[in-house]
2 protein chains.
Amino acid sequence: MRDFLEITKALSDVNRVRILMALNKRELCVCQITELLELAPSTVSKHMSILDHARLVESRKDGRWVYYRLVSEEVKPLVAGVIEWMIENLGDDKILLQDDHRLKDILDKGCLENRNSMKKMI
Amino acid sequence: MRDFLEITKALSDVNRVRILMALNKRELCVCQITELLELAPSTVSKHMSILDHARLVESRKDGRWVYYRLVSEEVKPLVAGVIEWMIENLGDDKILLQDDHRLKDILDKGCLENRNSMKKMI
DNA sequence: CCTATGTTTCGCCACTTAACGAAATATAAG
DNA sequence: CTTATATTTCGTTAAGTGGCGAAACATAGG
């Protein structure tokens, strides 16, 4: 029950749902999510902590950046089931389509990591 | 998104989850749910209103009593999917097993409707 | 009509939560 | 070492939420 409620509470905030859907099929660092949602970094960090504690996302640290991704498929059915449900029923949401569009710009513009690599090359 | 969040918010309270699981396979009136959860009738009524607004339950009025049940199967997949997920992953929860046991007593003791019927028969 | 019972609505209170900024921490680069 | 950037932690504040009791509403029965 505790795990169940942690998941449903994690899913009961619009910004956390937007984050999870943005993480579908790609990983993102905190600053990219911050730019997408236009929230304070501390706020996004708190959201990521809640999602992480609910076992809905995993993270890896790469230099200064922390990249988050959806949990892997072969996770326990409690988590896998609800992520599948979310993705299947939320695909055509207006806000999420806007996010997907904005994410393209954020990714095309190049992440800071890429810009730093460019600087190295110059 | 609005429907989605109404559902996840409805599912993010332990007493509402207990209500939904109690309604699995049987309908219950508000006073029976009140007895099960040991909450004030006004509190239970509020919970039922939230579950109803999220389209997770349906109700019928019979005399003084309002009976609630889980929504029918052939409801839209957004709702059907999450109810299935909840039932499949919450079956062996400790609190819910206790509730199931207590519900037997509540139902065996006879609902007020039955007692009224008995009075008619005497 | 009057009473009893089930349910809902309303107002209030305690607690939680999402937001922010400031400060602390971590790491890469000069 | 110092600076700059990314992230997290902490404290505060405004808004939301779950709980209750009182009162209103609905209905069955005397």
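Below, chain A is the first sequence line, B the second, and so on; all start at residue 1.
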Value in whole Å for how far the [atom2] atom of [N] lies from [atom1] of [X]:
X	N	atom1	atom2	value
D52(B)	dT7(C)	CG	P	14 Å
E35(B)	dT7(C)	CD	C1'	16 Å
K46(A)	dA22(C)	NZ	P	19 Å
D62(B)	dT5(C)	CG	C1'	14 Å
R60(A)	dT7(D)	CZ	C1'	15 Å
Q32(B)	dT5(C)	CD	P	17 Å
E38(A)	dC20(C)	CD	P	11 Å
I33(B)	dT8(C)	CD1	C1'	14 Å

When you measure from the side chain of [X], which nucleotide among [options] comes out closest?
X	options	value
T43(B)	dC20(C), dT8(C), dC20(D)	dC20(D)
A40(A)	dT8(D), dC20(C), dT7(C)	dC20(C)
L39(B)	dT7(D), dG19(D), dT7(C)	dG19(D)

Heavy-atom side-chain contact between [X] and [Y] under 4.5 Å:
X	Y	value
M48(A)	I19(A)	yes
L103(B)	R26(B)	yes
L11(A)	L20(A)	yes

Original post:
Is the shortest distance from a Lys or Arg side-chain nitrogen in R60(A) or E27(A) to a carboxylate oxygen in the other one below 4.0 Å?
Top reply: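 Salt bridge: yes.
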Original post:
Would D3(B) and R55(B) pass as an ion pair if we require N to O under 4.0 Å?
Top reply: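 No, no charged N to carboxylate O under 4.0 Å.
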Original post:
Which residues within residues 3-20 of chain A lie with some heavy atom under 4.0 Å of an atom in DNA chain C?
Top reply: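 Of all residues in residues 3-20 of chain A, the ones placing a heavy atom under 4.0 Å from DNA chain C are D13(A), N15(A), R16(A).
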Original post:
What is the per-nucleotide protein-contact pattern of nucleotides 22-27 of chain D, from the 5' end, where B denotes a base atom under 4.0 Å from a protein heavy atom, S denotes such proximity for sugar-phosphate atoms only, and - denotes neither?
Top reply: B---SB
Original post:
How many angstroms lie between CG in N89(A) and CZ in F4(B), if you round to the nearest 0.5 Å?
Top reply: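 If I round to the nearest 0.5 Å, the distance is 8.0 Å.
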Subject >> Point-to-point distance, once rounded to the nearest 0.5 Å, from OG of S12(A) to CG of L5(A) >> reply: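 That separation rounds to 10.0 Å.
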Original post:
Do the side chain of S59(B) and the main chain of V66(B) share a donor and acceptor less than 3.5 angstrom apart?
Top reply: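 No: the side chain of S59(B) does not pair with the backbone of V66(B).
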**OP:** Determine yes or no for a side-chain-to-main-chain donor-acceptor pair under 3.5 angstrom, with R16(B) supplying the side chain and I50(B) the backbone.
**Re:**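 No.
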**OP:** Check whether any side-chain N or O of Y67(B) sits under 4.0 Å from OP1 or OP2 of dT7(C), and answer yes or no.
**Re:**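 Answer is no, no contact under 4.0 Å.
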**OP:** Could you tell me whether the phosphate oxygens of dT17(D), OP1 or OP2, come under 4.0 Å of any side-chain nitrogen or oxygen in H47(B)?
**Re:**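 So the side-chain polar atoms of H47(B) never come under 4.0 Å of the phosphate oxygens OP1 or OP2 of dT17(D).
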**OP:** Using heavy atoms to find the nearest nucleotide of DNA chain C for I50(A) and V66(B) separately, return the residue whose nucleotide is more 5′.
**Re:**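 Upstream on the strand: V66(B).
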